[in-house]
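Model, not experiment: these values are computed from the prediction.
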Amino acid sequence: MNRRTVLAMAVGAALLIPGCTGAGGSSKGADAKAPDDPSKVSGTIKVLTVRTDLVQDGTMKKYAAEFNRTYPKVKVEFEALTNYEAEVKIRMNTENYGDVLLIPAVIKKADYPKFFASLGTAAERSKKYRFTDYTTVDGKVYGQSPIGVAPGFLYNKRIWKEAGVTAWPTTPAEFIKDLKAIKARTDAIPYYTNFAAGWTLTSWTSVNGAVHCDPQATTKLAEGDPWAKGADLRVGDTLLHDIVKAGLIEKDPTTSNWEESKPRTAKGEIATQWLGTWAIVQFQDAARKAGVNPDDIGFMPFPSQTDGKFCATVAPDYNQAVNVHSKYKEAARAWIDWFTDKSTYGKDNLAISPLKNASMPEVLKPYEEQGVKLIEVDDSKGAQVKQIDSDSEVGINAPEYRQNLVDLARGARKGSLDGFLADLSKRWTDAQKNLGS
């Protein structure tokens with residue numbers, strides 16, 4: 001899996017699908033009601049997924065077998081797509097885009113009712129589930145993520161310790177100092193950009209909210225300047241720029257390799273990457289396959305504290321939804337409910353549960369021990385942010401923005417950091433004004 005499953009895919013660019021008629025007509029606003037009697041639910045449903053790995057190794061089929069113990073008359077078929085966003089975007093010009101699918105980033109939030117069946121009211125679902133506001137339109141919820149993710153630095157604890165660093169850095173300046181110690185005292189690449197993959201760099205947008213422990217961070221993107229002095233995105237972008245400018249990254253970022261970075265980090269050839277909790281299990285698996293200790297894989301928050309405490313945002317992964325045109329909405333809804341509430345998918349991926357009464361995963365115990373505060377960012381202005389991002393052509397969840405930033409820092413692009421960020425600010429605030437924000 002190459003991710004989605006980045007947070008960017010949950011809050012990606014706001015574009016309408018050209019020529020797409022969507023649900024329209026009588027299907028618009030249809031509900032996918034929760035089944036009353038599992039034994040009476042029937043039908044064959046197709047579930048679209050990005051998890052090509054889990055379909056290929058039979059894991060998804062095992063989940064379906066467990067599901068069938070409760071819903072014996074429902075047949076679940078899976079289709080894993082490598083280039084999910086592009087392929088589903090095309091399919092959604094028709095009515096045939098699976099029965100259960102992951103909501104593509106390309107869909108405007110306001111258009112969810114055209115394409116997806118409602119799962120219920122926000123007032124009702126928010127009592128039990130996290131992240132409901134991410135897919136709420138006019139008081140109804142149109143998607144549910146089976147897992148939550150938190151951003152952070154995935155790092156090799158052994159390498160950091162060899163460099164003499166045993167405590168998490170609390171400021172960007174301290175983080176840079178620690179990376180310099182790694183470069184001086186070990187053979188590891190202090191920080192790996194994974195520039196070539198592109199999507200890996202989009203993860204830097206998820207510093208928003210974590211820097212100042214601000215649940216209203218998305219609202220501030222909608223109403224303020226994200227690159228004003230001290231603003232979260234400016235702090236994050238400045239740190240990335242300074243890491244690159246100090247020569248603390250791979251020799252040629254354009255030839256970086258995402259898949260190879262997993263075993264290389266596990267073995268200590270790479271010390272640090274900015275990713276998310278979703279990556280921990282993948283890097284631990286890479287360690288086992290490489291014959292090294294999976295416990296060397298650590299996870300730390302962004303180097304910033306508010307009132308003496310670290311903070312990390314928690315957000316949904318891809319949200320599952322029911323195709324508004326599905327002939328088997330009840331069966332599709334049954335799958336989403338079961339996969340979210342009953343399956344072991346979250347535990348298998350060491351993920352944060354969307355269920356409000358669930359405990360934190362084992363991998364976040366260091367966060368609990370260090371008193372890291374986990375916050376959910378209010379997404380009520382999420383659709384507005386997506387529109388501003390689209391109109392400004394900044395692309396806060398697209399790879400080009402930070403690839404350009406990395407190129408600037410390594411001398412492959414002319415200009416200054418202040419000039420680069422000032423251009424982003426102008427384009428963003430101009431788009432706000434045009435929208436009347």
I would like to know whether K75 and Y328 meet side-chain contact (heavy atoms from CB on, under 4.5 Å); could you show each step before the answer?
CA-CA 11 Å; K75 183 179 180 182; Y328 303 108; over 6 Å; no
Could you pull out the closest heavy-atom pair between L101 and P104, with the gap in Å?
CD1-CD, 4.4 Å
Ion pair R427/D423, N-O distance below 4.0 Å:
yes
When rounded to the nearest 0.5 Å, the distance separating CZ of F302 from OG1 of T171 is 10.0 Å
Measure the shortest side-chain to side-chain distance between E77 and T44 over non-hydrogen atoms and say whether it is less than 4.5 angstrom.
yes
Check whether any side-chain N or O of S390 sits under 3.5 Å from a backbone N or O of Q387 as a donor-acceptor pair, and report yes or no.
no
Side-chain heavy-atom pair M360, L374 within 4.5 angstrom cut-off:
yes
Report yes if the side chains of T202 and Y401 come closer than 4.5 Å at any heavy-atom pair, otherwise no.
no
With a 4.5 Å cut-off on side-chain heavy atoms, are P146 and D317 touching?
no
Looking at CD1 of I243 and OG1 of T193, how far apart are the two atoms once the value is rounded to the nearest 0.5 Å?
10.0 Å
Could you check whether any side-chain N or O of Y84 sits under 3.5 Å from a backbone N or O of R51, counting only pairs where one atom can act as donor and the other as acceptor?
no
Donor-acceptor contact present, side-chain T340 to main-chain D337, <3.5 Å
no
Does E85 reach the main-chain N or O of A105 with its side chain, forming a donor-acceptor pair under 3.5 Å?
yes
To the nearest 0.5 Å, how far apart are CZ in R288 and CG in N293?
9.5 Å
Audit row: Q273, S261, side-chain contact (heavy atoms from CB on, under 4.5 Å) steps and yes/no
CA-CA 9 Å; Q273 299 192 53; S261 77; 3.3 Å; yes
Hey, are the side chains of T306 and C311 touching, using non-hydrogen atoms and a 4.5 Å cut-off?
no
Take V76 and V47 through the test side-chain contact (heavy atoms from CB on, under 4.5 Å) and record every step on the way to the result.
CA-CA 7 Å; V76 184; V47 177; 3.8 Å; yes
Under 3.5 Å donor-acceptor, N323 side chain and G98 backbone
yes
Answer yes or no: is there a donor N or O on one side and an acceptor on the other, between the side chain of Q144 and the main chain of F131, under 3.5 Å?
no
Would you please indicate yes or no on a ring centroid separation below 6.0 angstrom for F299 and W160?
no
Is it the case that the side chains of Y129 and D341 hold a donor-acceptor pair, with the cut-off being a distance below 3.5 Å and no angle test?
yes
Does L221 form a side-chain contact (heavy atoms from CB on, under 4.5 Å) with L233? I'd like the steps, not just the answer.
CA-CA 9 Å; L221 290 183; L233 287 189; 3.9 Å; yes
Minimal heavy-atom distance between L201 and Q403, with the atoms involved, is CD1-CG, 3.6 Å
Between T205 and I396, is there a donor-acceptor pair closer than 3.5 Å when you use the side chain of the first and the backbone of the second?
yes
Pairwise side chain to side chain donor-acceptor pair (under 3.5 Å) hits with a residue in residues 355-371, at least two apart:
none
To the closest 0.5 Å, what do you measure between CG (D430) and CD (Q432)?
9.5 Å
Tell me which one of F339, W335, Y345 satisfies ring-ring contact (aromatic ring centres under 6.0 Å, His included) with F67.
W335
Between D225 and S425, what is the shortest heavy-atom contact and its length?
OD1-OG, 3.0 Å
Can you confirm whether L48 sits close enough to R91 that some side-chain heavy atom of one is under 4.5 Å from a side-chain heavy atom of the other?
yes
Donor-acceptor pair, side chain of K329 and main chain of S326, under 3.5 angstrom:
yes
When you measure from the side chain of S256 to the backbone N and O of F195, does any donor-acceptor pair fall under 3.5 Å?
yes
Hey, does P113 have a side-chain heavy atom less than 4.5 Å from the side chain of K140?
no
Less than 4.0 angstrom from a charged side-chain N to a carboxylate O is my criterion; do K109 and D379 meet it?
yes
Using the ring centroid of each side chain, check whether F310 and W168 are separated by less than 6.0 Å.
yes
For the student: nearest non-hydrogen atoms of I147 and S145, plus distance:
O-OG, 2.5 Å
I'd like to know if the side chain of N156 reaches the main chain of T265, judged simply by a donor and an acceptor atom lying under 3.5 Å from each other, with no hydrogens or angles considered.
yes
Between I388 and L435, is any pair of side-chain heavy atoms under 4.5 Å apart?
yes
Indicate yes or no: does E259 engage K262 in a salt bridge with an N to O separation below 4.0 Å.
yes
To the nearest 0.5 Å, what is the distance between OH (Y155) and CZ (F283)?
14.5 Å
Examine the side chains of Y63 and D348 and answer whether a donor and an acceptor come within less than 3.5 Å of each other.
yes
Sole candidate of T313, V314, T219 that passes side chain to side chain contact (heavy atoms under 4.5 Å, CB included) when paired with V377:
T313
